[in-house]
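In this text the structure is predicted, and so the values were computed from the model without any measurement. Nothing fancy with the numbering, it's 1 onward along the sequence.
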Amino acid sequence: MNAMNTAKPAARAGLGLSLKGRALRLLAGREHSRAELERKLGAHEETPGQLAQVLDELQAKDFISEARVVESVINRRAARLGAARIRYELQNKGLSAERVAAAMERLKLSEMERAREVWRKKFGEPAPDAAGRARQMRFLAARGFGGDVIRRVVAQADDV
């Protein structure tokens, strides 16, 4: 085995990458917020302020975008999760409160339809008894749908 072959696995594992290279590798996989990148890359910072400088540069070049992070999360998660779970995920990404609130307003418009579809895929038919309805309601609640929406979805299922 020559020296060229031994260097490749180390580079693939992320060894020897610059801070900017590590950030770009993370961003190539999916959208990340600035706060996420700070958490993930903080241990690799060699000098104080180096990470902030790299992230400022990436943000100036629009490699880091809160709007794209929000869109990415909504596109990946809205079909399976309610607004409460998506809000929690967006807040954990360190996004601004205004951006999260705007996303929640958009999601509220389709909450009922999304909850119905999640219910339909999981259950497909009304519960035979109160215990079954409670199970269905707990399932939707765990997915982050609101109580009012859950009650309406399960009640409409009984009407079918």
Side-chain angles (χ1 to χ4, degrees), residues 1-123 136-150 152-153:
M1 197 185 245
N2 63 26
M4 293 289 278
N5 289 340
T6 59
K8 279 187 178 180
R12 265 190 235 129
L15 301 174
L17 280 180
S18 68
L19 203 52
K20 185 175 182 180
R22 289 175 191 273
L24 289 171
R25 177 170 281 176
L26 288 170
L27 289 167
R30 70 168 174 84
E31 295 292 338
H32 285 74
S33 68
R34 184 181 179 107
E36 283 181 295
L37 291 172
E38 287 171 350
R39 277 193 304 268
K40 290 180 177 187
L41 298 173
H44 302 286
E45 186 176 33
E46 294 171 4
T47 60
Q50 178 189 17
L51 180 58
Q53 182 181 355
V54 167
L55 295 180
D56 287 343
E57 180 183 337
L58 291 174
Q59 206 160 10
K61 292 180 179 178
D62 204 32
F63 284 99
I64 301 172
S65 166
E66 277 194 0
R68 284 197 315 266
V69 171
V70 168
E71 288 306 312
S72 173
V73 170
I74 288 174
N75 287 336
R76 283 184 294 116
R77 311 290 269 163
R80 294 183 312 274
L81 299 177
R85 282 274 300 272
I86 294 172
R87 177 189 300 115
Y88 178 77
E89 191 170 327
L90 291 173
Q91 288 171 336
N92 281 342
K93 292 183 178 298
L95 300 174
S96 69
E98 300 82 29
R99 185 102 39 200
V100 172
M104 292 306 99
E105 286 302 314
R106 268 191 14 232
L107 283 173
K108 294 285 184 190
L109 299 174
S110 64
E111 185 90 344
M112 185 67 157
E113 294 83 29
R114 292 183 298 110
R116 254 192 227 116
E117 186 60 21
V118 168
W119 177 88
R120 187 193 62 72
K121 283 182 180 178
K122 176 70 176 178
F123 301 106
Q136 291 179 0
M137 293 174 97
R138 282 191 307 272
F139 172 79
L140 291 172
R143 291 291 178 107
F145 293 103
D148 185 47
V149 169
I150 292 170
R152 290 187 1 216
V153 167

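Residues R106 and E111 are not paired through a salt bridge, judged by the lack of any N-O separation under 4.0 Å between the basic side chain and the carboxylate. A salt bridge links R34 to D56: one of the charged nitrogens lies within less than 4.0 Å of a carboxylate oxygen. The pair E117-R120 meets the salt-bridge criterion, since a charged nitrogen lies less than 4.0 angstrom from a carboxylate oxygen. Note on R85 versus E89: no salt bridge recorded, every NZ/NE/NH1/NH2 to OD/OE distance being 4.0 Å or above. With salt bridges taken as basic N to acidic carboxylate O contacts below 4.0 Å, none links R68 and E71.
Counting heavy atoms of neighbouring residues, nucleotides and ligands inside a 6.0 Å radius, atom NZ of K40 exceeds 12 of them.
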Mind running side-chain contact (heavy atoms from CB on, under 4.5 Å) on L95 and V73 for me, showing each step along the way?
CA-CA 12 Å; L95 300 174; V73 170; over 6 Å; no
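The closest side-chain heavy-atom distance from R76 to S72 is below 4.5 Å. Looking only at side-chain heavy atoms (C-beta outward), R30 and E36 come within less than 4.5 Å of each other. Residues V54 and L41 have side chains not in contact (no heavy-atom distance under 4.5 Å, counting atoms from C-beta outward). Looking at F139 and W119, their side chains never come closer than 4.5 Å, going by heavy atoms from C-beta outward.
If you check the side chains of S65 and E31, you find no donor sitting under 3.5 Å from an acceptor. Judged by distance alone, the side chains of K93 and H32 never bring a donor and an acceptor atom under 3.5 Å apart.
Of the possible donor and acceptor atoms, one in the side chain of E45 sits under 3.5 Å from a partner among the backbone N and O of G49. The backbone N or O of M104 sits nowhere less than 3.5 Å from a side-chain atom of R87 that would complete a donor-acceptor pair. Using a distance-only test at 3.5 Å, with no hydrogens or angles considered, no donor-acceptor pair links the side chain of E57 to the main chain of Q53. The backbone N or O of I64 lies less than 3.5 Å from no partner atom in the side chain of Q59, so there is not a single donor-acceptor pair. A donor-acceptor distance shorter than 3.5 angstrom exists from the side chain of S18 to the backbone of G21, with no hydrogens or angles considered.
Considering all non-hydrogen atoms of both residues, A79 and V118 come closest at O-CG2, 3.3 Å. Closest of all the heavy-atom pairs between V69 and S33 is CG2-N, 3.7 Å. Taking all atoms of both residues into account, the shortest heavy-atom contact from L107 to A78 is CD2-CB, 4.0 Å. The two residues A103 and V70 come nearest to each other via the heavy atoms CB-CG1, 3.7 Å. Residue G94 comes nearest to A35 through the heavy atom pair CA-CB, 3.9 Å, listed as atom of the first residue, atom of the second, then distance. Across every non-hydrogen atom of L51 and L19, the tightest pair is CA-CD2, 3.6 Å.
Separating the CZ atom in R80 from the NZ atom in K121 is a distance of 8.5 Å, to the nearest 0.5 Å. A distance of 11.5 Å separates CZ of R138 from CD1 of I150, quoted to the nearest 0.5 Å. In this structure, Q50 CD and T47 OG1 are separated by 4.0 Å, a value rounded to the nearest 0.5 Å.
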